[in-house]
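In this text the structure is predicted, and so the values were computed from the model without any measurement.
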Amino acid sequence: TNEMKYGIEKVAKFIFFNGFMFIGGMVVFQEEKRVRNFIEFLKYLILIIAIVNVVLLIKYLLSGTLLQHMIVRFTITESNNPINLARVAGLGVLLWFLSIFQSEDQKYKIIAWFALIPIIISLLATNTRGPILFTLLIILGYLFFYLEVSKKKKIFVIIFLVVIGIALIFILPENMRDRFSLLFQKGNLNIEKNLWMSSSSGRRIIFAKRLLQYLTNHPLTLFIGTGAGGFANLFKDYGAYFYPHNVFLEILFEQGLVGISIFIFSITIFTKELKLININNGKFNELLTPMLFGMIYFFLNAQVSGDIERNRLLWLFWGATIGIMTLANRNTKSISNQYNN
């Protein structure tokens, strides 16, 4: 790589943090009790964070500026976009939503419905688009393609979501609505050489275009890549932009076709094994689905935000899902051996 500083730092962090989470997830979550405890701990921890966030938000709205410096890291302001809190809140929505369908305890279902309220408020208050849209997308996918839901219920869900969406348009502050309208704004590289004059979605399009243009003009790079951290060199004249906010484009640019082939191959093998686990071990879905939700959720977020190293929770949930799949596979073999004996 011609960006040794960023390359060495990126590789070191990826091996230490992401490697630890990925391998740790595979090892730790091969025990049913640990998985259940972790899911419950995660749900209630996110709920506590959301409640604190809502309390701070209310105080901020009532006081105007009293807690502004404290709340700036937690909620919506004109100059802040707390993506990490938004991702955590989105995960909380998914986990508690899933509890409503998986639990047979009516009291627990009621708790889940009430838990969703502060978490959803916390998610909306962050004013981030990706986590909100991906949370909604996964919920719709689960309802329409996983659960056996009648057409009437599907139509009801669509109408309900449309009504909620229209209500939010009138209720939410104008700066929150503007954030979503900016998704369709074009980026411009010719404004004082400052990409920040473009919307975040516009900048991402610019990243992708320049990246693909570079690969087209340098065919050899397409096969071997520019090396870890190489994307930073592509935008040196516009300030520090370290990654294209899409893991596929990032791997293609920095590790070439070799790297992207390994990545896609890994996903393909994982998907095939996942189908076998779901078919042969239905009782493990209660453990597997929450972790899989987390993996899919953070995988989708990784397509529009962060890089392969900073999307650490993706690697944690990916490793944890493999750990549960290993547990399910081991249990299947044990049952098969008992049957044969």
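Under the 4.0 Å criterion applied to side-chain N and carboxylate O atoms, Lys5 and Glu9 are not assigned as salt-bridge partners. Comment: Lys109 does not engage Glu104 in a salt bridge, judged by the lack of any side-chain N to carboxylate O separation of less than 4.0 angstrom. Residues Arg36 and Glu40 are not paired through a salt bridge, judged by the lack of any N-O separation under 4.0 Å between the basic side chain and the carboxylate.
Taking the six-membered ring wherever Trp is involved, the centroid distance between the rings of Phe97 and Phe293 does not fall below 6.0 Å. Annotation: Tyr108 is not in aromatic contact with Trp113 [ring centroid separation under 6.0 Å not met]. Annotation: Tyr6 is not in aromatic contact with Phe231 [ring centroid separation under 6.0 Å not met].
When every heavy atom of Tyr214 is checked against every heavy atom of Leu234, the shortest pair comes out as CD1-CD1, 3.8 Å. When all heavy atoms of Ser122 and Asn53 are compared, the pair lying nearest together is OG-ND2, 2.6 Å. Closest approach of Asn285 to Gln102, counting heavy atoms only: O-NE2, 3.6 Å.
Gln30 places no side-chain N or O within 3.5 Å of a backbone atom of Leu327 that could act as its donor or acceptor partner. At distances below 3.5 Å, at least one donor-acceptor pair connects side-chain atoms of Trp315 with backbone N or O atoms of Ile308. Under a 3.5 Å cut-off, the side chain of His245 and the backbone N or O of Gly306 do form a donor-acceptor pair. Counting only distance, with no hydrogens or angles, the side chain of Asn246 and the backbone of Val304 share no donor-acceptor pair below 3.5 Å.
Counting only heavy atoms from C-beta outward, the side chains of Leu211 and Leu215 approach each other to under 4.5 Å.
Using a 3.5 Å distance cut-off with no hydrogens or angles, the side chains of Lys43 and Ser99 do pair a donor with an acceptor. Using modelled atom types, one finds no donor on one side chain facing an acceptor on the other under 3.5 Å when comparing Arg310 with Asn18.
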